[in-house]
Amino acid sequence: MAMKNACTVAAAGPRGLRSLFSTLSTNFPFPSQPAANQSQRPQAEPSTNLFVSGTKRTTDEGLRECFAKFGEVVHARVVKDRASGWSKGFGFVRYSTLEEAAAGIEGMDGKFLDGWVIFAEYARPRDSPPPSPPSYANNHYGRQ
DNA sequence: CGTGAGCGA
């Protein structure tokens, strides 16, 4: 039982609520949505691509080891600056199937890793890579 | 007050 993994699943207990119902106990029900469409916010449709945030001090292997407990991680990568090499604070994890991806999200979203909270969500489909180098052929990433 | 809402060379 020697897990050097830093994936110490530490979920904040239901404590911390002190005076939640203070002076705001006036209008209770939801104030009808102000019809303000939320543009393209997070929460994309189910996909094997997972976007994980909170990996400032975590590495690709850390993410992989952490998410591998919920499914078969095909590939895990922590985005970092190519120039300096420091983590940008977020990464991506690709599962083998959508079920595993959902399980990974439900099981890792809002957990602590390396001392930082990590968020697991579906990543956006990236079919428009930055044309930094005009490249010769069109790079086509693997698709299930 | 252990919290950022962020999408990849």
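Below, read A as the first sequence line, B as the second, and so on, with proteins coming before strands; counting in each chain starts at 1.
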- Note on the structure: Taken to the nearest whole Å, CZ/A:R82 to C1'/B:dG8 is 13 Å
- Message: Base of B:dG8, side chain of A:N49 - is there a donor-acceptor contact under 3.5 Å?
- Response: yes
- Message: I'd like to check the side-chain contact (heavy atoms from CB on, under 4.5 Å) partners of A:E61; sequence neighbours left out, ordered by chain and number.
- Response: A:T59
- Task: Take the protein atom CG of A:L113 and the nucleotide atom C1' of B:dT3, then report the distance between them rounded to whole Å.
- Result: 13 Å
- What nucleotide among B:dC7, B:dA9, B:dG4 has an atom nearest to a side-chain atom of A:W116? B:dG4
- Note on the structure: To the nearest angstrom, the CG-C1' distance between A:L50 and B:dC7 comes to 12 Å
- Return the nearest nucleotide to the side chain of A:F90; candidates are B:dG4, B:dC7, B:dA9. B:dC7
- Note on the structure: Checking B:dC7, B:dA5, B:dA9 against the side chain of A:A123 (C-beta onward), the nearest is B:dC7
- Item | Sugar-phosphate, base or nothing in reach of A:K80, heavy atoms under 4.0 Å | sugar-phosphate
- Stacking check: are the rings of A:F92 and B:dG8 less than 5.5 Å apart at their centres and under 30 degrees in tilt? yes
- Message: From the set B:dG8, B:dT3, B:dC7, return the single nucleotide nearest to any side-chain atom of A:R77.
- Response: B:dG8
- Query: What's the closest nucleotide to the A:F112 side chain, out of B:dT3, B:dC7, B:dA9?
  - Reply: B:dT3
- Can you tell me how far P in B:dA5 sits from the matching atom in B:dC1, rounded to whole Å? 15 Å
- Task: For A:F51, report the nucleic acid contact type (base, sugar-phosphate, nothing); a contact means any heavy atom under 4.0 Å.
- Result: base
- Item | Per A:V117 side chain, nearest of listed nucleotides B:dT3, B:dG8, B:dG4 | B:dT3
- Message: Can you measure A:Y122 atom OH to B:dA5 atom C1' for me and round it to whole angstrom units?
- Response: 18 Å
- Message: Once ring pair (Phe, Tyr, Trp, His ring centres under 6.0 Å) is applied, do any residues pair with A:F92, and if so which ones, sequence neighbours excluded?
- Response: A:F51
- Query: Within the structure shown, what part of the strands sits under 4.0 Å from A:G54 by heavy-atom distance: base, sugar-phosphate, or nothing?
  - Reply: base
- Whole angstrom is fine here: how far is it from CD1 in A:I105 over to C1' in B:dA5? 15 Å
